Structure formats: structure tokens, C-alpha cells
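A quick write-up on the structure given underneath.
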Number of protein chains: 2
Amino acid sequence: MTIDKREQLIEAGLALFYRNGFTATGIDRVLAEAGVAKMTLYKHFGSKEALIREVLRRRGESFRAWLMAEVERRSTDPRGRLLALFEAYGAWFREPGFRGCIFLNATAEFCGIAEAIAEQSVEHARLTQAYIRGLVAAANVEDPDALTAWLVLLLNGAVASAQVSGEAAWAEKARAAAALVIDGAPPGQQIP
Amino acid sequence: MTIDKREQLIEAGLALFYRNGFTATGIDRVLAEAGVAKMTLYKHFGSKEALIREVLRRRGESFRAWLMAEVERRSTDPRGRLLALFEAYGAWFREPGFRGCIFLNATAEFCGIAEAIAEQSVEHARLTQAYIRGLVAAANVEDPDALTAWLVLLLNGAVASAQVSGEAAWAEKARAAAALVIDGAPPGQQIP
DNA sequence: ATTTTTTTAGACAGGTCGGTACATATGTGA
DNA sequence: TCACATATGTACCGACCTGTCTAAAAAAAT
């Protein structure tokens, strides 16, 4: 095969699930978009749920890679990188077709219903927070775990608020709040 | 009729839509739960979408009323009431069957798809923010709009994080961050 | 007691859902 | 050239979807 059918299914699934929701998107629409036969989907994934899981796993990988690259590109200063998180989110909110975070959306649809899918969101949150925790560690503050939690709260809040209101400016408001909690967090012991 | 059928439909719809999602919940399940005939639903609401809209409208009213009562009950001090928002949210997160905010869930399913439904979430956010704005106004800070936005971000972030992780403790983390931004916000001009 | 409104059960329509079966075709490597 | 894996189209399954219809029953109002 010149083109990997499996890949096309994941890409089509990502686009359609994100745009129209998971439950509302039928298998047939994914097949039509991917240009693939139904049996091929079930050979590769076995079920719609498994396809969704794989779509989320892949989206998590690429989103975190994108976020890290954006943060590193925007600043080299440890504190600047924390603020760069919010700038990257602002750019994300302004992408055409932005419809919130697919993991928060998946949680809204599947938490308490399809745990194997919801687990992907937990995992993405865990990995994203671990990355932010690393950025915070470089910023030398007294309580890095607390600051990490505050930044995560502001980031998630910005996503939710931006999705509901359609206003990407929530990213800048969150950035301002982040600047305040970063400065408000007492610095750790100075290295002499 | 001894019992109002319309009311039963709204209550059954709220419970089922919240627990299992909007798209995933069929009309028939709502009818069975409400103990009502199908025609009665369509006489009262005309469509599933209209029922969802009414469910959200009613849920918004009762949630905001509950939140206001909780905040007033927990503190009389202006700053204490801002923190009481987060304490009320913590109690909410710990309610059995908590599955996030039904408005954020509705936005995840319907934003960009069924605007008449998504609009209910926008309206709820608007009214909730107006209430918080009033609380902030009483706290006498220099930039009440900014503080309102920061509190909203932390509240929404707490809901999203608590839903994904299942950990209600995010409410206390958000409360700590709120205390920081409240204290970090310079006080407004003192009345002599 | 009679009229009027509301609610009922159940069948029905026209689709879509996720998933399976099967026989054919297409491409690949030995 | 032959064998093998992969992908194809299409039909099909039973279940479920929202919404409509009808004719009878229950309830409310007069």
C-alpha cells in the first residue's frame, strides 16, 4: 500500500471526533473521510473504542511535543518559560477550528462511562503536569508542587473558559494570573 | 394530574444527561425514568434539543442559587466569601456522582454543533461571573475585573482538573492560589 | 354529568448505530 | 510464478435513534 490505512484512520478519526464529538461521530463517517473499508478498521483496531483510545494517545503525544517546542522556542529563562505556556495556549486557542481540549472533551463524554477512554485523559494530564513540574523545578521556587498545581489550574481554566466563551483572550488573563502566583510564590533557597 | 409530567421530564433528563452524557442518552431512557409517554414529551418540549435546553436552564438557576447560599452561609467577610467559592466547589466535587460541570460537558458535546444548547453554557458562565464580580466589588480591590477573571479561571480549572483526575482536592489547591491572587491584587483606594 | 384537555400505549417511519460475513481484488515478497 | 497478506465493496444483523400518528383512557373543568 502506498499509504498507510491505519494512519489515515487515526487522522480522520482525530479530525472528526474533535470537530463533532466522539459519540456523535459514526464509524461510517470516519471510514468515508479516511477512504478506507470498514473491515480494515476492525482489522486494525477491533472496535470504535480502541480507535478512539489510539487517536487520543497519538494526539497526546503530538500535543505535548508541540507544547514543549513552543515553550522552548519562546523563552530560555525559567520563569519566562512558565509564562510561555500561556502564550502557547493563546496561540492554540486562536487556531482555526479550536474547539477546546480533546481530552477534556473526552472526559466530559466518557468519564464514568468508558473508563479505558477516560484513562487516556488522565494519562495526558499526568504527563503534561510532569513536564510543567520540570519547568517549575528550574525556576527555583520554595514550593514547586504548589506552583505546578496553580499553573495547571490556570491552564485548564483558560481552556474551559476559552471554549465556552469563544474568547481566546482568556489565555492572556491566565498569563497575568500566572505572573502573579509565580511572583507571589516565595523563592527557594538561593544558590550562593 | 397529581404530579407535573413536565417537571418529571426535566428532572429525569437532568439526572440521565449528567450521568451518561447528552448524545449517549436516548429519549426512551428519559421517558422510562420519568414514567411518561413519548407524546407528552413532544407536547411539552417539541424536541430533544429543547428538553436539553430547558434542563440546562433550570440546572443553571438552581446551581447558582445553591452557590450563593453556600457562599453567604460560609462567610460574611468580603474576602472570605471569595475563598468560600472554592470551599463550596470542594463540597460540590465531593458529592456522590460528581461528574464535572454539566455546562462544561454540554459545551464539550455541542459547541460548534448545536449552538442553541451551547448558548445555555455561555449564559450560565455570564451569570456566574456577574455574581462573582459582585463579590469582588465588595472586596475593594484595585482591578476588580482582573480579579474576577482570575477567580473564574481557577474555579473552571478546578472543575476540569477534579473531573479528569477524580480528586476533589483540586478545590483546596485552587483556594490556595485564589488566596494568593486576592492578596496579590493591590487594594483599591481606601475610603477615609 | 358533560365537555375539554391531557396523557396514555404502542405501532410505525426512516435512519443510523457498531459490528460481522464473504467473496473478490490488489499489491508484495519469495 | 506462486503464495500470502491486506484491502475492497456490499450486504446484512439486531439494536437503537428521533420523531409522528392514532385511538383510547384518564383527568380536569364546567
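Keep in mind that this is a model prediction, so the values were computed, not measured. Residue numbers begin at 1 in each chain, while the letters A, B, ... track the order of the sequences.
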At under 4.0 Å, does any side-chain N or O of B:K43 touch on OP1 or OP2 of C:dT5?
no
Side-chain N,O (A:T40) to OP1/OP2 (D:dT6) below 4.0 Å:
no
Please report the interatomic distance [atom1]([X]) to [atom2]([Y]), rounded to the nearest 0.5 Å.
X	Y	atom1	atom2	result
B:I132	B:L67	CD1	CG	7.0 Å
B:W150	B:L82	CH2	CG	13.0 Å
A:R175	A:E172	CZ	CD	8.5 Å

Minimum heavy-atom distance B:A108-A:Q163, with the two atoms named
CA-NE2, 3.8 Å
Can you tell which of C:dC17, C:dT8, D:dG19 lies closest to the side chain of B:S47?
D:dG19
Minimum-distance nucleotide to A:I27 side chain [options: D:dC17, D:dA7, C:dG18]
C:dG18
Taking atom [atom2] of [N] as reference, at what distance in whole Å does atom [atom1] of [X] sit?
X	N	atom1	atom2	answer
A:R29	C:dG19	CZ	P	15 Å
B:H44	C:dT5	NE2	C1'	11 Å
B:L41	C:dT8	CG	P	11 Å
B:L9	C:dT7	CG	P	9 Å
A:F45	C:dT20	CZ	P	15 Å
B:Y42	D:dG19	OH	C1'	5 Å
A:K48	C:dT20	NZ	C1'	17 Å
A:L31	C:dC17	CG	C1'	12 Å

What string of B, S and - do you get for nucleotides 9-14 of chain D 5' to 3' if you count protein non-hydrogen atoms under 4.0 Å?
B-----
Using a 4.0 Å heavy-atom cut-off, does B:T23 contact any base of the nucleic acid, only the sugar-phosphate backbone, or nothing at all?
nothing
Please classify the nucleic acid contact of A:G35 as base, sugar-phosphate, or nothing, using heavy-atom distances under 4.0 Å.
sugar-phosphate
Over 60° means perpendicular and under 30° means parallel, so classify the ring planes of B:W92 and B:Y89, tilted if in between.
perpendicular
Run the salt-bridge test on B:E33 and B:R29 with the 4.0 Å N-O cut-off and return the result as yes or no.
no
Short N-O contact, A:R126 and B:E167, less than 4.0 angstrom
no
